[in-house]
Amino acid sequence: MTTCKTTCPYCGVGCGVLADPRGAVRGDDSHPANRGRLCVKGSSLHETLGDHGRLLAPRVDGQRVSWDQAIQAGADAIREAVETYGPGSVGFYLSGQLLTEDYYAANKLAKGFIGTPHVDTNSRLCMSSAVAAHKRAFGADVVPGCYEDLELADLLVLVGSNAAWNHPILFQRMKAAAPAGRRVVVIDPRHTATSDLADLHLSLRPGSDALLFNGLLAWLAEQGRLDKNYIDDHCEGFDRALVAARETAPSVAAVAAGCDLDEAEVLRFFQWFAEHDRTVTMFSQGVNQSSSGTDKGNALINCHLATGRVGKPGASPFSITGQPNAMGGREVGGLANTLAAHMDYDKPADRDRVTRFWQSPGLADGPGYKAVDLFDAVHRGDIKVLWIMATNPAVSLPDNDRVREALERCPTVIVSDCVADTDTAAYARIQLPAAGWGEKDGTVTNSERRISRQRAFLPLAGEAKPDWWIISRMGQALGHGAAFDYQAPVDIFREHAALSAFENDGQRAFDLGGLSRIPAADYDALAPIQWPVNAQHPEGRARLFGDGRFATADHRARFVAISPESPHQRPDADYPLIVNSGRIRDHWHTMTRTGRAARLWQHRAEPFIEVHPDDLARLGLEAGQLGQLDGPWGRFAGRIQSVPEQRRGEVFVPIHWNRQFASDALASRLMGAVVDPVSGQPESKHGVARLTALNTRWEARILCSPDFPRYWQAEQWARVPLDGCESWWLAGEQTPDWPDWAGRWLGGRPQIEMADARVGRYRAARFHQGRLLALLMVEPAGGAFPDLGWLAGCFARESLSANERRAILAGRDADQPDIGPVVCSCFQVGQKQIEAAVEAGADSVESLGDKLRCGTNCGSCIPEIRKCLAEPSVTQEAG
Ligand SMILES: Nc1nc2c(c(=O)[nH]1)N[C@H]1C(S)=C(S)[C@@H](COP(=O)(O)OP(=O)(O)OC[C@H]3O[C@@H](n4cnc5c(=O)[nH]c(N)nc54)[C@H](O)[C@@H]3O)O[C@H]1N2
Ligand SMILES: Nc1nc2c(c(=O)[nH]1)N[C@H]1C(S)=C(S)[C@@H](COP(=O)(O)OP(=O)(O)OC[C@H]3O[C@@H](n4cnc5c(=O)[nH]c(N)nc54)[C@H](O)[C@@H]3O)O[C@H]1N2
Ligand code: SF4
Ligand SMILES: [Mo]
């Protein structure tokens with residue numbers, strides 16, 4: 001068995017992974033993105049593999065069927081819809097987690113052969129504002145810089161990005177490579193693990209970024225710090241942009257007031273920006289997920305154009321992509337308003353070229369519906385067949401109840417996924433089992449335009465098939481055999497590369513001409529390479545536009561005049577709080593994969609709501625209590641956490657929990673379906689709600705082996721997969737008769753139990769031949785539970801001693817020290833161990849690393865280790 005070189009399927013950093021078919025993974029030293037390192041998600045990949053929970057066979061109307069039957073059912077539904085209602089009655093909703101080859105084939109089938117323009121992707125929720133801003137400024141959707149620029153920059157500006165958690169390996173690179181005197185500015189309303197690195201953290205009013213950058217442009221002009229020659233030689237539209245900036249941001253004081261920042265801080269940022277030619281502004285969802293995200297992107301790009309800092313070493317705007325193949329999706333034209341290979345509907349020559357290249361019988365008359373509009377069309381009944389691949393819209397789309405209603409109404413929902421039970425799969429008439437990571441072959445493109453191979457090193461699970469195969473079969477069943485006669489991913493890759501080069505003549509920046517005839521063996525061995533790859537740049541290219549020649553017809557970049565807009569959803573008397581939403585370190589989106597790795601639950605185990613302590617005091621609430629956010633479109637329940645660095649009047653919730661893992665913790669129910677008018681990207685960072693205590697009298701923890709019957713019902717619950725067992729927390733208002741409840745659940749009286757009715761405490765456990773099967777612990781609402789680490793470990797033990805069995809009800813092994821909540825997931829180091837080491841004299845992250853190994857692998861826990869150093873006794877985590 002040989003080790004396989006592949007790529008991580010999570011974030012857009014695109015790290016190289018060495019995978020051993022026996023199930024171990026490590027970082028690939030030879031991959032330029034990560035040079036051997038992996039974050040905790042990447043290094044837990046092997047724990048997410050295996051057949052458990054996978055969709056292993058096709059299903060139609062809940063029945064297991066053969067592939068032929070499933071494809072036939074899909075093709076019949078599509079054909080019938082097209083014949084009766086026209087091609088526009090078929091919709092596709094794709095994903096930045098498809099491989100480029102899958103994505104290309106899906107886009108070709110939909111736009112080129114079924115002829116529907118209604119093909120959009122979850123990148124709409126993610127990158128579409130950045131795409132639109134790039135197109136407006138540069139004439140093409142191109143990220144001009146590369147990762148090395150983040151290392152070379154003397155000033156790093158991170159806007160709306162929590163890279164420490166969401167792009168950890170890139171963040172490590174930024175940290176490690178700081179040039180002498182390098183400065184970091186983090187612009188985020190929230191204090192984050194990323195802002196820990198900042199020399200200046202601008203905790204601005206949510207949504208006020210465009211004002212800040214307009215202010216910067218006006219100030220640079222006033223101070224004579226612009227690159228006039230660059231503006232004259234390479235750009236258009238500067239005067240109008242400056243007029244708009246001056247009108248809307250007339251002074252530093254006005255900017256500070258509008259952004260709710262200190263004038264001195266704003267001025268310091270402006271001065272640093274003026275002083276450092278080597279400036280990179282990296283931006284992410286705090287910019288994109290906004291009702292004016294495109295303008296925000298252009299407001300910051302304007303400042304880079306005005307100082308001539310685009311595509312030069314250490315100097316560029318840098319939009320960081322989220323998903324592993326967000327960039328590949330843009331290349332194949334997965335968005336509803338693009339065509340393929342960076343061509344567009346609004347250019348007749350492009351349409352003609354794509355039609356001829358594909359020999360398409362009737363290319364879609366686009367652009368089609370963008371994600372939010374697509375689901376509106378489904379809701380109206382205009383879309384009769386919706387094929388969803390590699391995304392979970394029943395969780396991730398805003399105004400979520402309405403999205404679910406739309407799915408419910410749609411006559412035929414087809415879902416291609418590797419996982420059987422997702423929130424979206426619940427609405428599928430046809431379920432198609434897709435090959436997962438490790439089973440499939442193809443390419444992905446990371447944030448710096450670098451194409452890497454994902455390679456298969458495992459057999460297909462059950463009857464699962466790669467997405468490109470499923471799509472091709474559907475194409476063939478619809479009568480397009482010649483166009484979908486692919487035998488292997490390389491056939492598709494060559495076609496995709498050839499289309500990018502077809503009649504290109506240097507007009508389109510995206511050009512893979514150099515790879516259009518790649519032999520299969522070379523494709524198999526393909527080393528990571530950055531596009532463009534053509535005759536001029538056979539080895540690829542790290543940077544674009546450094547010479548000031550852009551992808552517009554006249555090769556000049558465009559300034560965009562920006563009028564800053566406030567977020568659309570504003571707090572009022574009914575909904576006084578602003579709701580921000582985002583990611584946590586160890587989970588990936590809707591948890592369909594990271595949810596399988598017990599290790600990844602240790603960092604945050606239950607849904608939470610982060611609130612400023614003053615807001616809590618004002619509302620009469622306390623940290624540790626269960627709280628409920630009610631917004632105009634729905635509610636979210638979670639554990640209240642008191643976070644002093646949170647801005648007052650604003651709360652933060654994680655996006656990951658869904659109905660597979662909690663009763664009521666969908667962040668997307670708190671977000672309205674409000675979109676940016678240019679990009680169509682929803683404002684997912686800005687909901688409104690009111691916060692109250694969740695009405696509960698009791699809370700319970702259940703630990704049981706995964707197949708133990710789940711008879712219980714509870715108004716509130718959340719599930720946490722642990723190693724060898726599952727943990728649930730339940731909460732409710734009506735207090736059951738616990739001994740009776742336990743007896744029914746455990747199938748007879750528990751072998752051991754403990755009750756203290758006075759305080760509302762009850763504990764009971766069931767064993768089978770000395771082995772722990774199930775455990776129930778009940779406390780009054782707000783009561784504390786023991787750390788579950790030792791208890792969970794007991795489920796894996798063949799037999800427990802009498803002593804240990806008695807200790808079960810106390811919740812911890814009297815002989816073993818309690819390590820507290822795990823801080824370092826890689827080496828399983830707990831907060832109490834760190835605190836003890838600090839007390840014993842360890843005074844730095846390094847010395848703690850030497851002593852306990854914590855923070856010495858992926859490093860993403862370092863901000864939390866630092867917190868333990870600063871304030872050893874604070875603990876927010878509920879056990
Ligand atoms: N661990 C983990 N990593 C991931 C993912 C994951 O699910 N888990 N998902 C991947 C994907 S697809 C994506 S898109 C990326 C996203 O990566 P990020 O963009 O870094 O992720 P978020 O946590 O959604 O949001 C970033 C920050 O925007 C801030 N923000 C909110 N409103 C504003 C505002 O008005 N202005 C500014 N300046 N900031 C604001 C939030 O407080 C938050 O800290 O992460 C990728 N990496
Ligand atoms: N409130 C709020 N909402 C948000 C965001 C936010 O910050 N706040 N962020 C938005 C962003 S940036 C994003 S990217 C989205 C992400 O949201 P989604 O795309 O809905 O989330 P995922 O969990 O990544 O869904 C991927 C699905 O594809 C499946 N899958 C994995 N690999 C494959 C494969 O190879 N083939 C197939 N067919 N299926 C596969 C997985 O099992 C899973 O069900 O959420 C968006 N929604
Ligand atoms: S940084 Fe991103 S690509 Fe790299 S290992 Fe972590 S999740 Fe995977
Ligand atoms: Mo994303």
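Indexing begins at 1, ligand by ligand and atom by atom, following the structure's order.
Of the residues T422, T590, D423, the one that meets the side chain to side chain donor-acceptor pair (under 3.5 Å) test with Q660 is D423. No option in H167, E448, R173, Q172 other than H167 meets the side chain to side chain contact (heavy atoms under 4.5 Å, CB included) test with V13.
Ring pair H587/W601: centre-to-centre distance below 6.0 Å.
Here D120 contributes atom CG and S95 contributes atom OG; the two are 11.5 Å apart, rounded to the nearest 0.5 Å. With values rounded to the nearest 0.5 angstrom, Q681 atom CD is found 10.5 Å from E683 atom CD. Atoms CZ and CH2, from F484 and W468 in turn, are 12.5 Å apart once rounded to the nearest 0.5 Å.
Within the sub-2.8 Å shell of atom 4 (Fe) of ligand 3, the protein contributes these N/O/S atoms: C15 SG.
Geometrically, R190 engages F652 in a cation-pi contact defined by less than 6.0 Å to the ring centre and at most 45° from the axis.
Sorted by chain and number, the residues within 4.0 Å of ligand 2 by heavy atom are Q97, N122, L125, C126, Q289, Q323, A390, T391, N392, S396, S416, D417, C418, V419, T422, A434, A435, K440, D467, S581, R583, W588, H589, T590, T592, R593, I655, M671, S684, K685.
Defined by atom type and a distance below 3.5 Å, a donor-acceptor pair is present between the side-chain atoms of T445 and E331.
Side-chain N or O atoms of E101 include none that pairs as donor or acceptor with a backbone N or O of I492 at under 3.5 Å.
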